[in-house]
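Just so we're on the same page: letters track the sequence lines, and every chain starts at 1. Model, not experiment: these values are computed from the prediction.
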2 protein chains.
Amino acid sequence: MIIKLDMSSSIPIYEQLRNQIVLGIGRGDLKIGQGLPTVRQMAEDIGVNTMTVSKAYSILKNEGYIEIDRRHGAKVKPKLDNSQKFKEYVENELSLLITESRLKGISFNDFLNMSNSIFIAMKGLRTLGGEIQ
Amino acid sequence: MIIKLDMSSSIPIYEQLRNQIVLGIGRGDLKIGQGLPTVRQMAEDIGVNTMTVSKAYSILKNEGYIEIDRRHGAKVKPKLDNSQKFKEYVENELSLLITESRLKGISFNDFLNMSNSIFIAMKGLRTLGGEIQ
DNA sequence: TTATTTGTATTATAATTTATAATACAAATA
DNA sequence: TATTTGTATTATAAATTATAATACAAATAA
């Protein structure tokens, strides 16, 4: 599992780590059901405080991407969310990104091609057992 | 020009304002060449400090969405950007958003439909004069 | 020329956020 | 019973965010 962090970024480390774990699940580096490194292990690996990792894990739990058991640790388990709130979140983020792209001269075709490439690269979420979710 | 701000959000006001102005250009509320309200006027309108507005304008200038003249004020003038850096920014944001959507159960079709709706709603950037950019 | 309006800089202040460090605790497991 | 888990606590420090009051340089209008 590759975690890319930019310590000089203005984006908080816990947020970068949260994003990297979400992307890791999408890429398939992290399978559904797979355990994440312990808070202490992850903190040592990436060279940050344990509470920074704990915060990232806590956010991922609240967002419904992982489950956390005491002793058993953190485990990948994305929960579906067909709420209007989540749709609006996606719409708002997408609106901003498409607007920025448009104003900067990226064609809508290029934008759709990018989207396709990204989607294809992450197609087929698999569990630890191997079956497709 | 409608500016929607959430004062209880964790996103800084200057960043929300920056986003709202970008979206306003995309929607056509702000035409190319059109002047933005003065820093003081905008600050009064939305009820924040002048320096908060100044910071938002300054970011938009640095990102190449507006131009700023002393005395003449801030003016909408998006600059094209075909740099690799900008492409990577879009790719990274898009990757995260598609991954989140996928994990939450939004189909790729729905995602593309959303993208289409958003793009259609902002088609045809116009200048103050009326000609299409 | 003079007064006014523009964005911006400065200074001070305050609250919040972010991150670290050291320690401790509750729960579950071996 | 000892160990490992996520988490809570406490203290500390730095950076960020926002406000307030004031001032400045540049450009325009009177």
Side-chain angles (χ1 to χ4, degrees), chain A residues 1 3-22 24-25 30 33-77 79 128, chain B residues 1 3-22 30 33-77 79 128:
Chain A
M1 172 62 183
I3 303 283
K4 284 201 297 187
L5 298 179
D6 179 0
M7 293 306 181
S8 69
S9 166
S10 64
I11 302 168
I13 301 170
Y14 69 83
E15 197 179 324
Q16 292 185 54
L17 178 56
R18 175 269 179 204
N19 291 344
Q20 288 292 305
I21 290 172
V22 169
I25 299 173
L30 293 167
Q34 185 174 347
L36 290 172
T38 68
V39 166
R40 289 169 176 82
Q41 185 63 52
M42 176 68 89
E44 195 184 353
D45 288 351
I46 64 181
V48 301
N49 191 271
T50 57
M51 293 311 295
T52 304
V53 176
S54 182
K55 183 162 186 180
Y57 281 18
S58 175
I59 289 172
L60 288 164
K61 183 184 70 178
N62 289 333
E63 291 181 331
Y65 289 108
I66 68 176
E67 283 187 349
I68 296 178
D69 272 317
R70 270 203 190 273
R71 181 64 180 171
H72 195 247
K75 196 173 60 174
V76 177
K77 188 126 189 273
K79 253 179 57 184
L128 264 185
Chain B
M1 170 63 182
I3 302 283
K4 285 200 297 187
L5 297 180
D6 179 359
M7 293 306 180
S8 69
S9 165
S10 64
I11 301 169
I13 301 170
Y14 68 83
E15 197 178 324
Q16 292 186 54
L17 178 56
R18 175 267 179 205
N19 291 345
Q20 288 292 306
I21 290 172
V22 169
L30 293 167
Q34 186 174 347
L36 291 172
T38 68
V39 166
R40 287 169 179 83
Q41 185 62 54
M42 176 69 87
E44 195 183 355
D45 288 351
I46 64 182
V48 301
N49 191 271
T50 56
M51 293 314 293
T52 304
V53 177
S54 182
K55 184 161 185 181
Y57 282 17
S58 175
I59 289 172
L60 288 164
K61 183 185 70 177
N62 289 333
E63 292 180 331
Y65 288 108
I66 68 176
E67 283 187 350
I68 296 177
D69 271 317
R70 270 205 191 274
R71 182 61 178 175
H72 194 249
K75 196 174 58 174
V76 177
K77 188 124 188 275
K79 252 179 59 183
L128 263 185

For [X] and [N], give me the distance from atom [atom1] to atom [atom2], rounded to whole Å.
| X | N | atom1 | atom2 | result |
| --- | --- | --- | --- | --- |
| Lys75(A) | dT5(D) | NZ | P | 16 Å |
| Met42(A) | dT5(D) | CE | P | 13 Å |
| Asp69(B) | dT5(C) | CG | C1' | 14 Å |

Between Ser10(A) and Val39(A), the residue closer to the 5' end of DNA chain D by nearest nucleotide is Val39(A)
On DNA chain D, more 5' by nearest nucleotide between Pro12(B) and Ile68(A) is Ile68(A)
Could you report the tightest heavy-atom contact between Val39(A) and Tyr57(A), atom names first, then the distance? CG2-CD2, 3.8 Å
Would you call Leu5(B) and Ile46(B) a side-chain contact if the rule is heavy atoms closer than 4.5 Å? yes
According to a strict under-4.0 Å criterion, is [X] in side-chain N/O contact with OP1 or OP2 of [N]?
| X | N | result |
| --- | --- | --- |
| Thr52(B) | dT19(D) | yes |
| Tyr14(A) | dA19(C) | no |
| Thr50(A) | dT7(D) | no |
| Ser54(A) | dT7(D) | yes |
| Lys55(A) | dA19(C) | no |
| Lys61(B) | dG7(C) | no |

On DNA chain C, check which nucleotide each of Val48(A) and Arg70(A) is closest to and give me the residue with the more 5' one. Val48(A)
5'-most contact on DNA chain C (nearest-nucleotide basis), Arg40(A) vs Glu15(A), goes to Glu15(A)
So what's [N] paired with, Watson-Crick or G-U wobble, going by both distances under 3.5 Å?
| N | value |
| --- | --- |
| dA18(D) | dT13(C) |
| dT29(C) | dA2(D) |
| dA23(D) | dT8(C) |

Identify which one of Ile68(A), Val53(A), Ile21(A) satisfies the side-chain contact (heavy atoms from CB on, under 4.5 Å) criterion when paired with Leu36(A). Ile21(A)
Between Gln41(B) and Asp45(B): side-chain donor-acceptor atoms closer than 3.5 Å: yes
Under the 3.5 angstrom rule, does the side chain of Gln20(A) hit a backbone N or O of Lys4(A) as a donor-acceptor pair? yes
Check this for me: does the side-chain of Asn49(A) come within 3.5 Å of the base of dA21(C) through a donor and an acceptor? yes
Answer with yes or no whether Arg71(A) presents, from its side chain, a donor or acceptor under 3.5 Å of a partner atom in the base of dG6(D). no
